[in-house]
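Working notes, structure below.
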Amino acid sequence: MMNFGEIEQKWQKKWFDSRIYEAKKQKGKKFFIHFAYPGISGYLHVGHMRGFTYADIIARYKRMLGYDVIFPAGFHATGLPAVSLAKKVARKDKEILKYLRQNSCPEDVIKKLEDPIEVVKYFSRIYVEDYWKKFGFLIDYTRLMDTVSDGYKKFIQWQFRKLNEKKLLIQKPHFAPYCPNCGPVAVDKSETDVSEGGDAEILEFVVIKFRFEDKILPAATLRPETIFGVTNMWVNDEEEYIIAKIGDEKWILSEKAVSKLKYQVDDIEVVGKIHGKEIVRKKCFAPIINKNVPIFPAKFANPDIATGIVMSVPAHAPYDYIALRDIGMPVEPIVIINVSGYEVPAKEIVEKMGIKSQEDFEKLEEATQIIYKEEFHAGTMNEECNDFKGMKVNDAKEKIKNEMLKNNIATIMREFSKRVVCRCGEEVIIRKIPKQWFIKYSDEILTHESKEWAKKMNIYPKEYKEELPKILEWYGDRACIRQGSWLGTPFPFDEKWVIEPISDSTLYPTYYIISKYVNEGKIKADEMDDKFFDYVFLGNGKAKNGIWKEIREEFEYWYPVDINLGGKEHKTVHFPVFIMNHVAIMPEKFFPKGIFVNWWITQKEGMKISKSKGGAEPIPDASEKYGVDALRLYYAHVGSPFVDVEWDGEVVEQYKKRIFRIWSLFENLLEMEGEESKIDEWVISSFNEKIKIAREAMKEYELRKASNAIFFEIYNLMNWYIKRGGKNKRLINELLKKWVRAMAPFTPHIAEEMWEKLGGKNFVSLEEFPEYGDINPSILKAEELLIKTMDDIDEIKKVAKIEPEKIYIYLAPKWKWDILDIAVSLEKNGELTMKNLMNEVKKMNVNMKEASQYAGKIIQEVKKEKFIRIDEKEYFENALDFLKKEFNAEFRIYGEEECYDPANKRKFAMPYKPAIYME
RNA sequence: GCGAGGGUAGCCAAGCCAGGUCCAAGGCGACAGACUCAAGAUCUGUUGGCGUAGGCCAUCGCCGGUUCAAAUCCGGCCCCUCGCACCA
């Protein structure tokens, strides 16, 4: 039994010792492929290998087509993940230590991982040695790089100066999560920075200013359009409120609100206190509707939420309705939105759901959601709403908000949808950054040019090609720098800030050209100034030395990128900025040519296999258990690249078996010693057909279709060849050499091993992908006829329950083929009708009754199938021995001649469909 | 909400763009047989229903339409999944 592990190691050593992965300018045609480099966030899992494997298969395929292939890779070290891992190690987080140990990280390394840079170094090595090399990837390992090296930082700074020159860097206010202790934090589902509330959203409350004596009662709402239905205000009479001076206004709001707003408005100053009791039972003045409304006490006016002051819209807010009912309905609800199925929506839903009191939070929340959805999507503003009458609620909401903001009746307060707590224990708030730097992706010219370019690109799948222009249109300005303890490049115009990780990963494929020279020590970061990058990437200025010139030549040879391959998570972030930055900075001849998006390997129940949460099989375990070639074939073949696939070890096991089977068929074929036979012709055509399918599929990177032809269809046809008595040693050898070369991009280790057994001298990885020769359709058709006839015989045996000793095959007479020919040529001219056909048939010397019956039958058939005239008699005669053996019976094949026909079957014979009688 | 994708046999998953070769590839599972003391592995066959002659009927989320012909094209409906920005 073969040992996958040994074979893998043997060939990997040979490949890497011979450095066959190095990109060299030799053949004058090149192919540049890379995958979106992985973030350094810990160990990867089997899911990640899907995309990487696609890239390697495509790179290997292109190499075998005679391209100079450059397939570089690097590491995205910037941003949070490495820092977060280092922090966890530093604070001896039990989970992280367990995780490291489970993945056999040595103790002395664990100690070092308190330093984020060590994290980057350690995991870079793991990715290369344990994942990529173990999978046999022919990545150009001389070009490895990461995003925190000195040279890379110089490159990014150059890029930002270019963006600035193009007027694509702008400043404007921005609101971002912030911890008063730790500074800026990331609020995301991975919860690396926060210990609670990672899924919180930033809500924009509209704060509407109600006049109260000489002060302002700021009511916070998410539904500004309901201002028209306000009947009263709610203030909590068990709470003390703050009086704060904002600008020249005096606001009454909760203490919590003041502490939040301090981070969002410029000048806010506490000037006094006022208890809720002193406010309730008085009146305040509502803007827009311009009338006085009473202020009532309410416990649900929560000081923790927004301003702590709430306006009451009892017709449309279940909370308000029920609170008013509790205190005896001192005011009548004012309905302002018409929505079918409701008169007074809040009242009716409260009654329908049987909500008893203000304490029934869960039901009230649900009721609020239901009413909001129905009103927002299906409601219209009614006659209470002045100028907004008749407008759809979702339009009116924006318009009313903007009008109030414009007239200084309202302002915006931002708040999380739920409590967010920093890892340090402090509550995270939202802070205004007055002059945040953005990359101006909204720029009209840039957007337009990017969209135009995207239309010319090769983008897979095609659905994404159609989606991409819309994403480019939608893509807004991106805050591109931030402060805090992140890894990254200092922003060149303000070095206290660091460029954030999406923005530093857009033009990076260009850097793979330079990284080789950096790695070889031929150029130092110090030397890489703007003149250097201007010269190398833009061709501006002069080369300072020979190395500069060499790098420029390399760049011109390899660029642009032909395929950037990445997971579907990149669809709305990385890929758009990848295109836009190239369009913004590079000359058109270097704009990227293609994008390939792959979907994920998921865990059961559709969950993404998460890096942080582990769960899936670690890569080293999986490659040992199943073998790398089995895994590679699994990724290529298990499903369309454009759907998520659920990880299932059992399935990979099947691919392992498939490889065993191919291996043992290969060995059987090698041992065959025989001469030519009739079936040889068929196997040649059939084999060529499969290679053709594979080649054409690969043109569109349809790895699944190609691998299906190579690993399944060819396997089947070789078996059939043997079954049909094929054993031509010379031919088998020739086909095996082609077959093994066709396998090589997908399962390179096993292919090399086979290639060696076939006497191949060089690496099969460096051979040419097989060409296909002539495909003779009549032979394929004839064999298909034979197989179908065999099926029919089986069917008859089964239904009639007989075990025949003699089988009679009656082939269609010549005149039926002649009529068929006529029908086919009529069909070609679009003139195939019964009448036209019979006019022609009349000219022939045949039995008109039989002929007309037959003509009627074939009219339908001719429209479906392509008919090629084949010599059925000859083909069956040649297969006679085979048929006898298969059915253990005597055969008689009858053409036109007189024959034995006791059941009168002969008249049913049609082209491709012989009549059968057995006894 | 905005944007995108999907629903195929017991299960996974092709086919759909370019309608007919679809009684729907391939795999898993199940059943039967071969090999074996046995189990496993492997190999062969069967796996929607009916059928004593190769046939007939049904099926691709649901309803309708176009067509000689629909899993495939068009319209409507139901259900599911994903992304929505400072997280990579």
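Labels below follow one simple rule: chain letters A, B, ... track the order of the sequence lines, proteins then strands, and each chain is numbered from 1.
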Give the ring-plane orientation class for [X] versus [Y], where under 30° counts as parallel, over 60° as perpendicular and anything between as tilted.
| X | Y | answer |
| --- | --- | --- |
| Phe52(A) | Phe35(A) | tilted |
| Phe712(A) | His637(A) | parallel |
| Tyr508(A) | His574(A) | tilted |
| Phe642(A) | Phe596(A) | tilted |

Rounded to whole Å, please give me the gap between [atom1] in [X] and [atom2] in [N].
| X | N | atom1 | atom2 | value |
| --- | --- | --- | --- | --- |
| Glu473(A) | C2(B) | CD | C1' | 14 Å |
| Phe711(A) | G27(B) | CZ | P | 16 Å |
| Gln436(A) | C86(B) | CD | P | 11 Å |
| Leu80(A) | C86(B) | CG | C1' | 11 Å |
| Ile601(A) | U81(B) | CD1 | P | 20 Å |
| Tyr634(A) | C28(B) | OH | C1' | 13 Å |
| Ile714(A) | G26(B) | CD1 | C1' | 16 Å |
| Tyr655(A) | G26(B) | OH | P | 13 Å |

Please tabulate the protein-to-nucleotide N/O contacts below 3.5 Å involving nucleotides 42-44 of chain B, giving atom names and distances.
unit_1: C43(B); atom_1: OP1; unit_2: Arg661(A); atom_2: NE; d: 2.9

Does Glu650(A) have any salt bridge (Lys or Arg N to Asp or Glu O under 4.0 Å) partners at least two apart in sequence or in another chain, and if so, which?
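Scan of Glu650(A) (salt bridge (Lys or Arg N to Asp or Glu O under 4.0 Å), adjacent residues dropped) gives none.
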Inter-nucleotide [atom1] distance ([N], [M]), Å rounded:
| N | M | atom1 | value |
| --- | --- | --- | --- |
| A24(B) | U59(B) | C1' | 10 Å |
| C80(B) | G27(B) | P | 33 Å |
| C2(B) | A13(B) | P | 29 Å |
| C23(B) | U46(B) | C1' | 16 Å |
| A88(B) | G83(B) | C1' | 14 Å |
| A9(B) | A14(B) | P | 13 Å |
| A41(B) | C50(B) | P | 31 Å |
| G29(B) | C73(B) | P | 33 Å |

When every nucleotide of nucleotides 54-59 of chain B is labelled 5' to 3' by its protein contacts under 4.0 Å (heavy atoms), B for base, S for sugar-phosphate only, - for none, what sequence of letters results?
BB----
Pairs: protein N or O with nucleotides 11-19 of chain B N or O, under 3.5 Å:
unit_1: A13(B); atom_1: O2'; unit_2: Arg704(A); atom_2: NH2; d: 3.4
unit_1: A14(B); atom_1: OP1; unit_2: Ser640(A); atom_2: N; d: 2.7

With Tyr441(A) as reference, evaluate Asn581(A), Thr447(A), Asp477(A) under the side chain to side chain donor-acceptor pair (under 3.5 Å) test and give the passing residue.
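That would be Asn581(A).
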Test: salt bridge (charged side-chain N to carboxylate O under 4.0 Å, His left out). Region: residues 901-913 of chain A. Which pairs qualify, not counting sequence neighbours?
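For residues 901-913 of chain A, and leaving out neighbouring residues, the salt bridge (charged side-chain N to carboxylate O under 4.0 Å, His left out) pairs sorted by first residue read Asp792(A)-Lys913(A).
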Kindly list each side-chain donor-acceptor pair under 3.5 angstrom involving residues 656-668 of chain A, sequence neighbours excluded, with atom names and distances?
unit_1: Lys656(A); atom_1: NZ; unit_2: Lys625(A); atom_2: O; d: 2.9
unit_1: Arg658(A); atom_1: NH1; unit_2: Phe711(A); atom_2: O; d: 3.4
unit_1: Trp663(A); atom_1: NE1; unit_2: Glu667(A); atom_2: OE2; d: 3.2
unit_1: Ser664(A); atom_1: OG; unit_2: Arg661(A); atom_2: O; d: 3.3

Report the residues that fulfil side chain to side chain contact (heavy atoms under 4.5 Å, CB included) with [X], sequence neighbours left out, ordered by chain and then residue number.
| X | answer |
| --- | --- |
| Glu467(A) | Tyr464(A), Ile471(A), Lys571(A) |
| Glu713(A) | Lys690(A), Ile693(A), Asn708(A), Ala709(A) |
| Asp443(A) | Leu168(A), Lys440(A), Ile445(A), Leu446(A) |

Upstream residue (5' side of RNA chain B) when Ala903(A) and Trp599(A) are each assigned their closest nucleotide
Trp599(A)
Here's a test of your reading of the structure: between Glu463(A) and His76(A), which maps to the more 5' nucleotide of RNA chain B?
Glu463(A)
From C-beta outward on Arg658(A), which listed nucleotide comes closest to its side chain: G27(B), C86(B), G83(B)?
G27(B)
Nucleotide nearest Glu467(A) (side chain, heavy atoms from C-beta), chosen from C86(B), A4(B), A88(B):
A4(B)
Does Arg414(A) come within less than 4.0 Å of Glu204(A), counting only side-chain N to carboxylate O?
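Yes, charged N to carboxylate O under 4.0 Å.
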Using a 6.0 Å distance limit plus a 45 degree cone around the ring axis, check whether [X] lies over the aromatic ring of [Y].
| X | Y | result |
| --- | --- | --- |
| Lys432(A) | Tyr263(A) | no |
| Arg724(A) | Phe882(A) | yes |
| Arg632(A) | Phe746(A) | no |

Test side chain to side chain donor-acceptor pair (under 3.5 Å) applied to Thr489(A) - qualifying residues, sequence neighbours left out:
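Here no residue qualifies.
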Would you tell me if any nitrogen or oxygen in the side chain of Lys470(A) comes within less than 4.0 Å of OP1 or OP2 on A4(B)?
yes
Between Lys798(A) and Glu795(A), does a salt bridge (charged side-chain N to carboxylate O under 4.0 Å, His left out) hold up when you go through it step by step?
CA-CA 5 Å; Lys798(A) 197 178 108 190; Glu795(A) 174 97 4; 5.1 Å; no
Identify the pairs formed between an N or O of the protein and an N or O of nucleotides 46-50 of chain B at a distance under 3.5 Å, and give each distance.
none

Stems with RNA chain B, 3 or more Watson-Crick or G-U pairs in a row (under 3.5 Å), are B:1-7 with B:78-84, B:10-12 with B:26-28, B:29-34 with B:42-47, B:48-50 with B:55-57, B:61-65 with B:73-77
Could you go step by step and tell me if Tyr900(A) and Glu919(A) meet the side chain to side chain donor-acceptor pair (under 3.5 Å) rule?
CA-CA 12 Å; Tyr900(A) 175 70; Glu919(A) 58 186 20; 3.1 Å; yes
